[in-house]
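Quick one: the structure is below, and I'll ask about it shortly.
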Number of protein chains: 2
Amino acid sequence: MAGIKDVAQRAGVSAATVSRALSGNGKVSPATRARVQQAAEELGYVVSFNASSLASGRSRNIGVVVPTVSRWFFSTVLEGIAGELISAGYDLTLYDTGGQEQHRVSVFSDLLLRKRLDAVITVTLKLSDNEVRQLASVDKPVVAIGGFIPEIATIRVDDFNTTALLTEHLIELGHTRIAFLGGSEEFDVDFKLTTARQDGFEYALDQANLEVRPEWLLAANFTTEGAYRKIRSLLSMPRERPTAVVCASDEMAFGALLAARDFGIDVPGDFSVVGMDGHDLSELFGLTTFSQDARSQGIWAVRKILELLGERELERDPTDGFYPTEFIARSTTAPPPRP
Amino acid sequence: MAGIKDVAQRAGVSAATVSRALSGNGKVSPATRARVQQAAEELGYVVSFNASSLASGRSRNIGVVVPTVSRWFFSTVLEGIAGELISAGYDLTLYDTGGQEQHRVSVFSDLLLRKRLDAVITVTLKLSDNEVRQLASVDKPVVAIGGFIPEIATIRVDDFNTTALLTEHLIELGHTRIAFLGGSEEFDVDFKLTTARQDGFEYALDQANLEVRPEWLLAANFTTEGAYRKIRSLLSMPRERPTAVVCASDEMAFGALLAARDFGIDVPGDFSVVGMDGHDLSELFGLTTFSQDARSQGIWAVRKILELLGERELERDPTDGFYPTEFIARSTTAPPPRP
DNA sequence: CTGAAAGCGCTTACAG
DNA sequence: CTGAAAGCGCTTACAG
């Protein structure tokens, strides 16, 4: 495999000049540059990343930490990140913690510190104070998507207010018996968004002088299956049923819709459902929801990182305030049935 | 940040000994090893991957090339790969081509050759002869999941026969008017599985002396939305309708089910649907399908790679023959309606 | 079992 | 604008 010396020899210049011509750092005459490029092409020369990184201290490699890639939000954010990174000529090192504490520890103590990464993007990862300190001490740019992390630039939507608005939408339709389906305890390690959404829900009820009924505060694991099971058992209870449910994600809302269908309960006639995300399938399900553009959150995270690395200017700072969201009323919400 | 020399000094040994003690290569006395480990820990020393890779020629970094991470099969395979790689102490470099030819080119000409990777796993990626040659010339282990690639170890399910069996299941129930929903041309670049599945479908019809009707050979882009649209227009046609559809993926089958529901067509009473995959949601939808364990395909791809890298022995070779699949009959299939 | 030394393949002041 | 040389932080024959 051709090395920089081979190219230098073929082009009749020094290795230093080859490096400068190919990287764009430093001045090289156009004629020389052309000769070098030609020689490199002929030899099929590709720079050794390891050698280049070692010598320069920069890796052109960004770490991305996600709790899982099998949920809509994460895979969509990841696609946005991946596309933007490829365009910028950066590598993407993926850390899927699988929600396992053990894997998170190794990610932080080892991988992130191995100097192979120029920067890190974390997605809805809740960090301990200690981890924040570790990240800070490494002195590499970090951008977080989803969960707020002190001292770190964060892209996030307004979980509290969007959920409150969704809840108010139901209240305005006349609902007074409203359930909430959030994430489970177990997942709160990584997905800290649950509490903000639940807070927004409770706030809206409170504003309307409606009581929060503990037995209607449900938790699943952000999956459609989990939600299906929870809503199924909610609907099968003999006692008084809620007439609507606020789900903390669209994927859980799908589970709620399927459960209602299997129970022969008419949506929205007998039961209203709202979600949160703007999942690709929300339109097919006719789901009323708040949409957030996950893909572009990923893209903007990369842009912010590149800015922090001094690669480019930012037209606007995505970590400034809340990321835009949009309320979309569709056909899973209606006034509650007459008693 | 502490380097190897700092550790050497603190432990009172040479850098060479530190390297041997920490990496496990070469003999080191237990006492020395303990001292080195202690010193490393106290200093918070972490080896520089770049330097280590450059010196040793090995990166502990595996490249994974996927067409997208936003479809069930890919994200599930990726999770399997990611977990197994973390356990083995390897990094995962993700290349999401986004189905774009442009990105694939840069992946192959640049990224894979930059010597930063020890091996590559490709997922349902159709490679040109030229690309196969490129990969071979780099002389790094490659394992493919999904699509068959000449000269490369491949983990794959029997697309032809599973689809044929699914089709025969419908035929045995009495169906004679059966449609097929495969992938679109556009996607065949990356997803070469479409043709094998369609071939299996046509073979089964042929065996039963049933005619393949071109107007019932449909193609979507492997998404639920795409399938919804296709099936919707199929069902809205005034002329003779099929009584069943074979979908080349579960996600497309979901679209078919939702379309039927929105048309007030009873499944399975008036219309039968079969999928292919064993998607997490297939049980909720009651979908009859062939399940394949995508996660463990990812895990086994990693194990095969590690074997090729000389890291471990394999109990069984996943690239040997077809990966196991399982037929699961559920409630979306039944005899066709009486005419 | 351990150390001194060469070398991995680049990048980047420094000097011209 | 270009080259000679040092250096990035490790690993690994080689010698003992």
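Side chains are part of it too, since the values below use all heavy atoms of this structure and drop only hydrogens, waters and symmetry mates. The sequence lines fix the lettering, A, B, ..., with proteins before strands; numbering per chain opens at 1.
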Checklist entry - In whole Å, what is the span from the CG atom of B/Leu22 to the P atom of D/dT12? => result 13 Å
Next on the checklist: When you compare the side chains of B/Asn50 and B/Ser48, does any donor N or O come within less than 3.5 Å of an acceptor on the partner?
Outcome noted: no
Next on the checklist: Within the 3.5 Å criterion, strictly below it, is a donor on B/Tyr323 or B/Ser296 matched to an acceptor on the partner's side chain?
Outcome noted: yes
Checklist outcome for this item: Applying side chain to side chain donor-acceptor pair (under 3.5 Å) to A/Gln9 and not counting sequence neighbours gives none
Checklist outcome for this item: The dot-bracket string of DNA chain D, counting Watson-Crick and G-U wobble pairs with both distances under 3.5 Å, using [ ] for crossing pairs and | for pairs to another strand, is |||.||||||||.|||
Checklist entry - Nearest heavy-atom pair of B/Leu117 and B/Gly63: which atoms, and what distance? => result CG-N, 3.6 Å
Checklist entry - Rounded to the Å, how far apart are B/Asn50 CG and D/dG9 C1'? => result 10 Å
Item to check | Contact list for DNA chain C against residues 14-21 of chain A - heavy-atom distance below 4.0 Å | outcome: A/Ala16, A/Ser19, A/Arg20
Checklist entry - Strictly by modelled atom types, are B/Asp91 and A/Thr93 linked by a side-chain donor-acceptor pair under 3.5 Å? => result no
Item to check | Residues A/Asp118 and A/Arg60 bridged, charged N to O under 4.0 Å | outcome: no
Next on the checklist: Expressed as a whole number of angstroms, how long is the span from A/Lys5:NZ to C/dT11:P?
Outcome noted: 14 Å
Checklist entry - In terms of side-chain heavy atoms of B/Ser52, which of C/dT11, D/dG3, D/dC10 is nearest? => result D/dC10
Checklist outcome for this item: Atom CG of B/Leu54 and atom C1' of C/dG7 are separated, to the nearest Å, by 9 Å
Checklist entry - B/Arg303 and salt bridge (charged side-chain N to carboxylate O under 4.0 Å, His left out): which partner among B/Glu311, B/Glu84, B/Glu313? => result B/Glu84
Checklist entry - Can you tell me how far C1' in C/dT12 sits from the matching atom in C/dG16, rounded to whole Å? => result 16 Å
Item to check | Interface residues of residues 23-35 of chain A with DNA chain D (non-hydrogen, below 4.0 angstrom) | outcome: A/Lys27, A/Val28, A/Ser29, A/Thr32
Checklist entry - Who are the salt bridge (charged side-chain N to carboxylate O under 4.0 Å, His left out) partners of B/Arg312, not counting sequence neighbours? => result B/Glu315
Checklist entry - Could you give the CZ-to-C1' distance, from A/Phe49 to C/dT11, as a whole number of Å? => result 14 Å
Item to check | Candidates D/dT12, D/dC10, C/dC10 - which lies nearest the side chain of A/Ser48 | outcome: C/dC10
Checklist entry - Are B/Arg58 and D/dT12 close enough that a side-chain N or O sits under 4.0 Å from OP1 or OP2? => result yes
Checklist entry - Does B/Ser75 have any side chain to side chain donor-acceptor pair (under 3.5 Å) partners at least two apart in sequence or in another chain, and if so, which? => result none
Item to check | Interatomic distance, B/Ile4 CD1 vs D/dT11 C1' [rounded to whole Å] | outcome: 8 Å
Item to check | Close side-chain approach of B/Thr17 and B/Thr32, heavy atoms under 4.5 Å | outcome: yes
Item to check | B/Ser59 (side chain) donor-acceptor with B/Arg116 (main chain) under 3.5 angstrom | outcome: yes
